[in-house]
Amino acid sequence: MADQPVFTLNVDQNKYLPLDGREVHAILTVGSTGGATVQAAPSAEAAEVIIIDTSGSMSGSKIREARQAAATAVRTLRDGVYFAVIAGTESARVVFPGGHANLVKASPATRAEAERAISRLTAHGGTAMGEWLKLAGHLLTAHPSAIRHALLMTDGQNNERPEVFASVLAGWSGKFVADCLGVGDDWVPAELRKVAEALLGTFDFVRNQGDLSEYFRRLTQTSMSKTVADLSLRVWVPQTARLKFVKQVSPTLLDLTGKRTDVNPLTGDYPTGSWGAEEREYHICVEVPPGQVGQEIRAGWVKLVRPDTQETVASGNVLAQWTDDLAQSTRINRKVAHYTGQAELHELIQEGLNARSVGDVDTATARLAKARQIATDSGREDTARLLERVVEVDPATGTARLRRNVDKADEIELDTGSVRTSRLRKDGN
């Protein structure tokens, strides 16, 4: 079909291992070209649920901005897309379509009706994000072949018990994609991170609530541009090998290792969510038994598969060859090195912020100072600037110390931004 993208899968690695070498690392660059744009109205069925936090903390200007943002998302939907709008408090309520348990198709008439319903939203009650996602999941379940997406916005902390929230996320993991937005400085990034990880989406910080409509427009437009509901990375490794991890490393960090579905004892599928015309990169690590000089093996066979039809749309090999040539075996592939550094940057920021929150000044200072150096060295100027607002380094002595007064918004922006990665530039930096 004309609106279906064409997929490619390229493998970057240094296949050479020393005689005692056991770990094989590879970066998989998966790209899709062609396909439809929003204006081209892709033929794939799509279903969208817009979730608005209407708890008591959303009173005043926040609820006004939220109403405007939700209306913007509704206007961005293309004709024929199934959709609904949910208001979230300590429970979840479908505010459009009123009196219906099902999604309805977007049209000039239904969009106008949805906007009228959105304009009547008021702020009251508590926050139970699991309930909101559960209702969204039930609505989207009626469209199993559709590209299913939810957009969730909140300004507060989840009031549900952690085990209840975790159970909801586990139950709906892989059933639809959810992108989340946090507004203001009273929400917990770790909660939206859990949603993004479980539902293969993104989460972001809207620092200025006046920008909320633009965030909604952009995320909805991206959802509308998807043309393939789901793709899986199918990874085979030899019987004597062990697949240590599978991680998305660009455009954001997302650990897929625990999301494996066994195909057979040697092969597993890892979900990647819906696709349009885009490019993502994945890091896999395979542990193999030691080999002999000159011996080459296939350490992994990776396929990009449509789960519904089992069609393979792209594939590539991960190789391992043992050598006694020190120059060959110690050369680190540039992409592997780059994304290993990006993952380390994320971990350092998370560890540093966690240590800071519990008063462990020494650990926080060491982690965040090292993160600042990595961000500077790898060209992450935006992250380096945010780190400078949390930790300062004396240029004369190199001594680092935490800043005493840190804007909560700066801390949240640093936290949420740490999952985004920079691409390796063509000059190798």
Side-chain angles (χ1 to χ4, degrees), residues 46-58 62-63 65-77 81-98 100-104 106 114-115 117-143 147-160 165 168-169 171-173 175-184 187-188 191-196 198-206 209 212-213 215-220 222-224:
E48 185 82 21
V49 176
I50 301 162
I51 306 171
I52 304 300
D53 182 345
T54 58
S55 62
S57 60
M58 285 290 295
K62 282 184 182 177
I63 194 65
E65 296 287 359
R67 288 194 295 255
Q68 183 176 336
T72 298
V74 167
R75 289 193 290 270
T76 307
L77 298 171
V81 171
Y82 291 90
F83 80 106
V85 180
I86 290 175
T89 57
E90 66 274 1
S91 61
R93 176 174 63 94
V94 178
V95 297
F96 179 82
H100 292 272
N102 299 313
L103 308 181
V104 298
E115 287 191 51
I118 290 167
S119 71
R120 296 190 289 270
L121 291 175
T122 58
H124 66 277
T127 303
M129 284 187 270
E131 291 298 309
W132 312 349
L133 292 166
K134 192 189 307 181
L135 178 55
H138 285 303
L139 291 169
L140 293 167
T141 297
H143 302 272
I147 297 168
R148 295 177 286 184
H149 180 259
L151 172 52
L152 182 154
M153 183 278 295
T154 185
D155 81 323
Q157 301 177 24
N158 195 25
N159 300 146
E160 295 169 309
F165 189 40
V168 171
L169 295 180
W172 289 101
S173 180
K175 305 293 176 58
F176 62 97
V177 172
D179 291 319
C180 305
L181 295 172
V183 181
W187 61 284
V188 180
E191 292 176 346
L192 292 193
R193 182 179 293 111
K194 289 176 183 177
V195 177
L199 300 176
L200 298 176
T202 62
F203 74 107
D204 211 342
F205 173 40
V206 183
Q209 66 188 46
L212 192 58
S213 288
Y215 275 82
F216 268 55
R217 184 200 63 77
R218 188 167 63 244
L219 287 172
T220 307
T222 298
S223 174
M224 293 298 94

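The analysis underlying the following values was restricted to heavy atoms, covering all of them including side chains, and did not include hydrogens, waters or symmetry mates. Residue numbers run from 1 in the order of the sequence given.
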Separation of Met224 CE from Arg217 CZ (nearest 0.5 Å):
13.0 Å
Donor-acceptor check, side chain of Asp155 to backbone of Gly184, threshold 3.5 angstrom: yes or no?
no
Minimum heavy-atom separation for Ala87 and Val95, please, with both atom names.
CB-CG1, 3.6 Å
How far does CD of Glu90 sit from OG of Ser55, to the nearest 0.5 angstrom?
9.0 Å
Roughly how far apart are Leu151 CG and Leu181 CG, rounded to 0.5 Å?
5.5 Å
Closest non-hydrogen atom pair between Ala66 and Met58, with its separation:
CB-CE, 3.6 Å
When every non-hydrogen atom of Asn102 is compared with those of Pro97, the smallest separation belongs to O-CG, 3.3 Å
Evaluate side chain to side chain contact (heavy atoms under 4.5 Å, CB included) for Phe165 paired with Val195, printing each intermediate quantity in order.
CA-CA 9 Å; Phe165 189 40; Val195 177; 3.7 Å; yes
How are the rings of Trp172 and His138 set relative to one another: parallel (under 30°), tilted (30 to 60°) or perpendicular (over 60°)?
perpendicular
Between Phe203 and Trp187, what is the ring plane arrangement, given parallel below 30°, perpendicular above 60°, and tilted in between?
perpendicular
Please lay out, stage by stage, how Phe176 and Val49 fare under the test side chain to side chain contact (heavy atoms under 4.5 Å, CB included).
CA-CA 10 Å; Phe176 62 97; Val49 176; over 6 Å; no
Inter-residue atom distance Leu139.CG - Tyr82.OH, 0.5 Å rounding:
14.0 Å
Can you confirm whether Asp204 sits close enough to Leu192 that some side-chain heavy atom of one is under 4.5 Å from a side-chain heavy atom of the other?
no
Side chain of Trp132, backbone of Arg93: donor and acceptor closer than 3.5 Å?
no
Check each of Ile51, Leu219, Leu212 against Met153 using the side-chain contact (heavy atoms from CB on, under 4.5 Å) test, and report the only one that passes.
Leu212
Is it the case that the side chain of Asp179 and the backbone of Thr202 share a donor-acceptor pair, with hydrogens and angles ignored and the cut-off at 3.5 Å?
yes
Val104 vs Phe83, side chain to side chain contact (heavy atoms under 4.5 Å, CB included): CA-CA, chis, key distance, verdict
CA-CA 6 Å; Val104 298; Phe83 80 106; 4.2 Å; yes
Ignoring hydrogens and angles, tell me if any N or O in the side chain of Thr222 forms a donor-acceptor pair with the backbone of Arg218 under 3.5 Å.
yes
Under 3.5 Å: donor-acceptor pair, side chain of Gln157, backbone of Glu191:
no
CZ (Arg120) and CZ (Arg67) are apart, to the nearest 0.5 Å, by 11.5 Å
Atom pair CG/CE of Asn158 and Met129 - distance to nearest 0.5 Å
4.0 Å
Verify side chain to side chain contact (heavy atoms under 4.5 Å, CB included) between Leu103 and Val81, making sure each step is shown before the conclusion.
CA-CA 9 Å; Leu103 308 181; Val81 171; over 6 Å; no
Taking Lys62 first and then Glu65, would you say they form a salt bridge - that is, a charged N and a carboxylate O separated by under 4.0 Å?
no
Within the 4.5 Å heavy-atom criterion, are Thr54 and Ile63 side-chain neighbours or not?
yes
Which atom names give the shortest non-hydrogen contact between Leu77 and Ala106, and what distance separates them?
CB-CB, 4.3 Å
If only atom types and distance count, is the side chain of Thr154 paired as donor or acceptor with the main-chain N or O of Asp53 below 3.5 Å?
no
Here the pair of heavy atoms bringing Phe96 nearest to Ala117 is CB-CB, 4.3 Å
